[in-house]
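For reference, the structure is listed below as structure tokens.
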There are 2 protein chains.
Amino acid sequence: MAGMNMRDSTRPRQAAAEIKTILGRRFMVGQAARDHHSRDESWHEPAMPEAVCQVESVSEVSQVVSICHRYRIPVIPFGAGSGCEGGVIATSGGFAIDLAQMNRILEVNNEDADCRVQAGVTRQQLNRYLRDSGLFFPVDPGAEATFGGMAATRASGTNAVRYGTMRENVLSLTAVMADGSVIRTGQRARKSSAGYDLTRLLIGSEGTLGIIVELVLRLCGRPEAIAAAMVSFPDVDTAVHSAIQTIQCGIPVARVELINAAQMHAINRYSKTSYPEQASLIMEFQGSALAVEEQARTVAEICRDAGGSDFRWSANEDERRQLWHARHMAAYASMAMRPNSKALSTDVCVPISRLAECIRQTQADLDRNCDLPTFILGHVGDGNFHCVMLIDPESAAERSQAAGISERLSARAIAMDGTCTGEHGIGIGKREYLEQEFGIEAIAVMRAIKSALDPQHIMNPGKVLLPCAPHG
Amino acid sequence: MAGMNMRDSTRPRQAAAEIKTILGRRFMVGQAARDHHSRDESWHEPAMPEAVCQVESVSEVSQVVSICHRYRIPVIPFGAGSGCEGGVIATSGGFAIDLAQMNRILEVNNEDADCRVQAGVTRQQLNRYLRDSGLFFPVDPGAEATFGGMAATRASGTNAVRYGTMRENVLSLTAVMADGSVIRTGQRARKSSAGYDLTRLLIGSEGTLGIIVELVLRLCGRPEAIAAAMVSFPDVDTAVHSAIQTIQCGIPVARVELINAAQMHAINRYSKTSYPEQASLIMEFQGSALAVEEQARTVAEICRDAGGSDFRWSANEDERRQLWHARHMAAYASMAMRPNSKALSTDVCVPISRLAECIRQTQADLDRNCDLPTFILGHVGDGNFHCVMLIDPESAAERSQAAGISERLSARAIAMDGTCTGEHGIGIGKREYLEQEFGIEAIAVMRAIKSALDPQHIMNPGKVLLPCAPHG
């Protein structure tokens with residue numbers, strides 16, 4: 001093995017021949033398939049895999065990875081392609097493993113409020129399936145993402161302030177490791193002190209340690225009552241302060257989202273709505289009818305005292321759905337403001353006491369150093385916000401302008417005891433900040449784990465950790 | 001290094017000499033100190049370390065581990081010694097690292113509801129410190145455990161049904177790794193998608209991957225109102241069914257504890273209380289005054305419909321404290337029923353739909369095969385319960401009787417898609433079940449991680465994973 005030439009082009013051909021006997025036509029080398037698997041929704045430059053393996057079972061994933069392991073071919077798991085940091089881009093070539101067809105809901109245990117799904121199931125698909133069960137899955141990134149991808153990037157969304165992220169809502173996983181072996185990281189108990197937490201190790205590992213093929217998810221009971229509220233503020237600062245106070249008062253708000261005036265304008269244009277185009281908070285309250293009313297009343301007071309106006313709340317399901325749909329479409333709404341542009345979205349998360357300051361400094365940086373269309377929105381209950389900049393992907397000047405804002409914002413958040421990414425992941429876009437955030441000693445531990453579990457570095461190589469000489 | 005004789009007795013002497021220059025008298029080789037560090041609160045046979053290193057700073061831990069690494073001396077972290085599975089027993093000799101003096105609360109961030117503590121701080125100490133802040137730390141194993149130990153065993157307690165376990169309540173850690181390097185596993189952001197989750201990898205690793213020296217903990221706001229309730233049932237089955245229904249109805253109960261008649265009798269004797277000596281549930285409701293009343297009312301109905309009687313609830317703080325103190329003393333109350341005995345406590349956790357069946361089958365096994373004093377109690381909201389058997393540690397027959405019950409119960413729970421340990425950890429007591437629960441493929445991954453991070457196997461050797469030939 002050690003003598004095998006990494007550049008030997010017969011390796012991919014031999015691997016391809018073997019995989020073809022397993023997948024048949026679902027082993028694809030056509031330009032269209034490869035191009036589709038060359039990109040995600042981010043601004044990062046696409047790079048095509050040499051082939052796409054459309055897998056349909058755990059056993060197929062295991063066999064394909066095992067062959068790629070033997071021939072040292074990189075494997076890149078691919079779900080919905082809705083990532084934000086280039087995690088699926090085939091920067092080192094290799095074969096994409098497309099899990100989208102592994103989209104079966106395998107079991108729902110109503111009594112235990114959990115379910116087992118294949119990695120290609122999307123959250124909307126699951127929640128449609130659960131509609132009449134009284135249960136739902138709470139983690140909601142905006143996109144129609146797959147659970148495999150959501151787990152791999154440790155995704156979250158608007159509900160995290162109440163329900164947590166993928167980290168808290170996955171009970172266990174089935175994963176295919178670098179040598180093709182299939183592991184189960186746990187069973188269905190709500191808690192366990194047994195052994196190393198391989199579930200959490202794989203969550204957020206972005207396909208670099210193993211390919212997630214099945215998940216046992218925690219489900220939540222649908223609350224008896226839900227109400228949404230929207231408040232307008234004179235500026236972002238006041239809105240953020242109201243959100244912070246809501247959290248610090250211990251109101252168990254289910255969602256609390258910030259949208260700045262520019263973002264609100266984009267949403268109105270895209271979703272044909274007519275919300276006031278001011279810095280706003282959108283919130284959701286859940287619980288018994290009594291509890292919801294009580295929460296909404298307290299928050300209305302907080303917002304009014306802070307200078308918020310026009311606190312509108314609604315327990316009407318259609319209005320509520322429309323509001324959250326508009327919020328979830330925010331990324332697409334921004335992009336529609338500048339056709340053919342790409343969105344560079346930052347994703348820092350800071351302790352909530354530093355949030356207002358972090359946003360203020362970022363706005364000042366934008367005012368001084370950025371003339372791109374820019375939108376600010378975020379899950380401010382968690383201290384997480386996005387600054388979205390629209391760039392012409394062909395313009396090096398624009399790319400570098402936006403990259404500068406992003407770099408300074410990441411450094412700012414890390415200096416505030418925060419993280420460079422709250423929910424998007426590291427991919428290829430945030431690798432430089434990882435060492436800044438964790439220190440070289442922790443990075444060395446991550447590298448040691450990577451080398452132990454994937455000694456040939458075939459699992460989504462070049463993602464999360466910057467390439468370096470093999471760990472000694 | 002490779003030529004060094006593992007049995008060479010000059011190694012510990014040389015290491016001792018070097019450590020003495022750092023710790024002075026806090027490097028202890030006296031019989032009393034070694035004996036104190038030879039055991040935990042479990043039934044497992046004690047084994048003394050060769051010395052005890054009483055450390056007072058992260059730098060001291062780093063230096064000591066670094067020396068032990070050089071001389072290949074096992075290091076065993078020791079906190080309060082309140083473990084249940086022999087995790088601190090020096091089964092391979094080596095040096096105990098006693099972190100109890102590292103008991104400073106380093107910072108409390110009220111606005112962010114988090115704090116940073118040294119590993120030797122205990123939960124009672126922290127909660128006393130926080131008394132006037134409106135905040136508290138929710139995870140509450142019965143014992144006066146240290147946070148280092150609680151994190152290392154992925155501990156929980158009565159609050160887990162609402163607040164989660166140590167897994168959910170630690171934001172990040174500082175740990176000393178096998179080579180003495182000090183890592184920070186994250187910062188203070190509420191969520192992060194950055195890099196591998198070393199925090200969760202260390203939580204539950206029982207000192208076998210690194211020594212936890214500092215923790216950033218999530219704190220919770222004290223609820224506006226708290227009420228406790230107690231209900232008696234004709235039998236354990238009915239009590240469990242009421243607990244299950246409470247959870248399944250989505251009541252956000254903060255605690256729901258099962259106590260069987262024998263355990264209630266032991267509690268009354270030990271705590272000089274006079275609770276009805278029947279199978280009972282003790283519950284706690286938290287929230288606004290309105291919400292608490294609403295929850296209590298609904299649960300009272302559920303219990304009454306199931307055959308529960310005498311639903312008493314109290315919002316009086318003294319009564320509530322007395323009740324929970326009595327509950328937290330349950331383990332000591334049991335042991336007092338048979339002086340000089342040791343308690344073998346099982347710790348399985350199953351999906352809640354299987355809980356009643358699991359307890360029923362276990363009771364049948366006890367009835368048939370066990371004549372020891374036995375108590376059943378548990379955190380039934382999570383599906384976690386303990387069957388406590390009092391054994392004469394000198395009697396091989398009693399040990400084997402209790403071990404048989406425990407073994408069959410672990411197998412039963414695992415077959416029900418549960419875990420052999422919900423909160424005590426694996427230590428030396430549950431290693432045999434780990435493979436049964438996870439399968440050999442996942443165990444191989446755990447071993448690979450262990451070997452990568454601790455190639456000389458000096459970190460609490462023989463715990464969690466059964467000793468085996470070095471991973472190839």
Side-chain angles (χ1 to χ4, degrees), chain A residues 109 111-112 153-154 156 160 165 168 177 181-185 187-198 200-201 203-205 221 248 250 288 290-291 294 349-353 382-384 417-426 434 437-439 441-442 445-446 448-449 452-453 464, chain B residues 109 111-112 153-154 156 160 165 168 177 181-185 187-198 200-201 203-205 221 248 250 288 290-291 294 349-353 382-384 417-426 434 437-439 441-442 445-446 448-449 452-453 464:
Chain A
N109 304 294
E111 287 194 294
D112 298 314
T153 52
R154 207 181 290 132
S156 48
T165 71
E168 287 81 24
M177 308 305 286
S181 68
V182 180
I183 68 166
R184 253 188 325 102
T185 65
Q187 305 217 77
R188 291 201 298 117
R190 281 280 148 150
K191 63 181 197 183
S192 170
S193 283
Y196 303 156
D197 193 344
L198 301 181
R200 254 51 58 174
L201 183 64
I203 292 174
S205 67
Q248 286 175 352
S288 69
L290 262 178
E294 202 179 23
C349 185
V350 295
I352 201 165
S353 65
D382 303 311
N384 182 208
D417 229 347
T419 176
C420 65
T421 173
E423 56 181 15
H424 291 172
I426 295 293
L434 209 59
E437 187 169 327
F438 287 93
E441 297 83 0
V445 171
M446 291 185 199
I449 293 169
L453 302 190
V464 183
Chain B
N109 305 294
E111 285 193 297
D112 297 315
T153 53
R154 207 181 290 132
S156 49
T165 71
E168 286 81 23
M177 306 307 284
S181 68
V182 180
I183 67 165
R184 251 187 328 101
T185 64
Q187 305 217 77
R188 291 201 298 117
R190 281 281 147 149
K191 62 180 197 183
S192 170
S193 283
Y196 302 156
D197 193 344
L198 302 181
R200 253 52 57 175
L201 183 63
I203 291 174
S205 67
Q248 286 175 351
S288 70
L290 263 177
E294 201 179 23
C349 185
V350 295
I352 201 165
S353 65
D382 304 311
N384 182 209
D417 229 348
T419 177
C420 65
T421 175
E423 56 182 15
H424 290 173
I426 295 293
L434 209 58
E437 188 169 327
F438 289 92
E441 296 83 1
V445 171
M446 292 186 199
I449 293 169
L453 302 190
V464 184

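Reminder, nothing fancy here: chain letters follow the sequence lines and each chain counts from 1.
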(request) Could you pull out the closest heavy-atom pair between A:A189 and B:C349, with the gap in Å? (result) CB-O, 3.5 Å

(request) Against chain A, label B:T153 side chain, backbone, both or neither, depending on which of its atoms sit under 4.5 Å from a heavy atom there. (result) backbone

(message) Between A:D382 and B:K191, does any NZ, NE, NH1 or NH2 come within less than 4.0 Å of an OD or OE carboxylate oxygen?
(response) yes

(request) For each of A:E294, A:M177, A:E168, tally heavy-atom pairs with chain B at distances under 4.5 Å, and name the one with the top tally. (result) A:E294

(request) Answer with side chain, backbone, both or neither: which region of B:I426 has an atom nearer than 4.5 Å to a non-hydrogen atom of chain A? (result) both

(request) Could you tell me which portion of B:A194 (side chain, backbone, both or neither) has an atom closer than 4.5 angstrom to a non-hydrogen atom of chain A? (result) both

(message) For B:Y196 versus A:R154, what's the shortest heavy-atom pair and its separation?
(response) C-NH2, 3.9 Å

(request) Please look at A:T185 and chain B and tell me whether the side chain, the backbone, both or neither of the residue comes under 4.5 angstrom of a heavy atom of that chain. (result) backbone

(request) Count the heavy-atom pairs under 4.5 Å between each of A:E441, A:Q248, A:R200 and chain B, then report the option with the highest count. (result) A:R200

(message) Using a 3.5 Å distance criterion without hydrogens, assess whether the side chain of A:R184 forms a donor-acceptor pair with backbone atoms of B:A442.
(response) no

(message) Quick check for you: among A:G250, A:G221, A:S353, which has the greatest number of heavy-atom pairs under 4.5 Å with chain B?
(response) A:S353

(request) Please state whether the side chain, the backbone, both or neither of B:D417 comes within less than 4.5 Å of a heavy atom of chain A. (result) both

(request) Taking all heavy atoms of A:A448 and all of B:L453, pick out the closest pair and write down the distance. (result) CB-CD2, 3.9 Å

(message) As an exercise: rank A:S181, A:C420, A:S288, A:G439 by heavy-atom pairs under 4.5 Å with chain B and give me the winner.
(response) A:S288

(request) Without swapping roles, check the side chain of B:S193 against the backbone of A:T421 for a donor-acceptor pair under 3.5 Å. (result) no

(message) Main chain of A:G422, side chain of B:R190: is a donor-acceptor contact present, judged purely on distance under 3.5 Å?
(response) no

(message) Holding to salt bridge (Lys or Arg N to Asp or Glu O under 4.0 Å), I want the full list of residues that pass it with A:E437, two or more places apart in sequence or in another chain.
(response) none

(request) Could you have a look at A:L201, A:I203, A:V182 and say which one has the most heavy-atom pairs with chain B under 4.5 angstrom? (result) A:V182

(request) Would you mind telling me which of B:I183, B:N109, B:N384 has the largest number of heavy-atom pairs within less than 4.5 Å of chain A? (result) B:I183

(request) Would you confirm whether B:Q187, through its side chain, and A:T419, through its main-chain N or O, come within 3.5 Å as a donor-acceptor pair? (result) no

(message) Among A:V464, A:V350, A:L290, which residue has the highest count of heavy-atom pairs closer than 4.5 Å to chain B?
(response) A:L290

(request) Could you tell me which portion of B:I352 (side chain, backbone, both or neither) has an atom closer than 4.5 angstrom to a non-hydrogen atom of chain A? (result) both

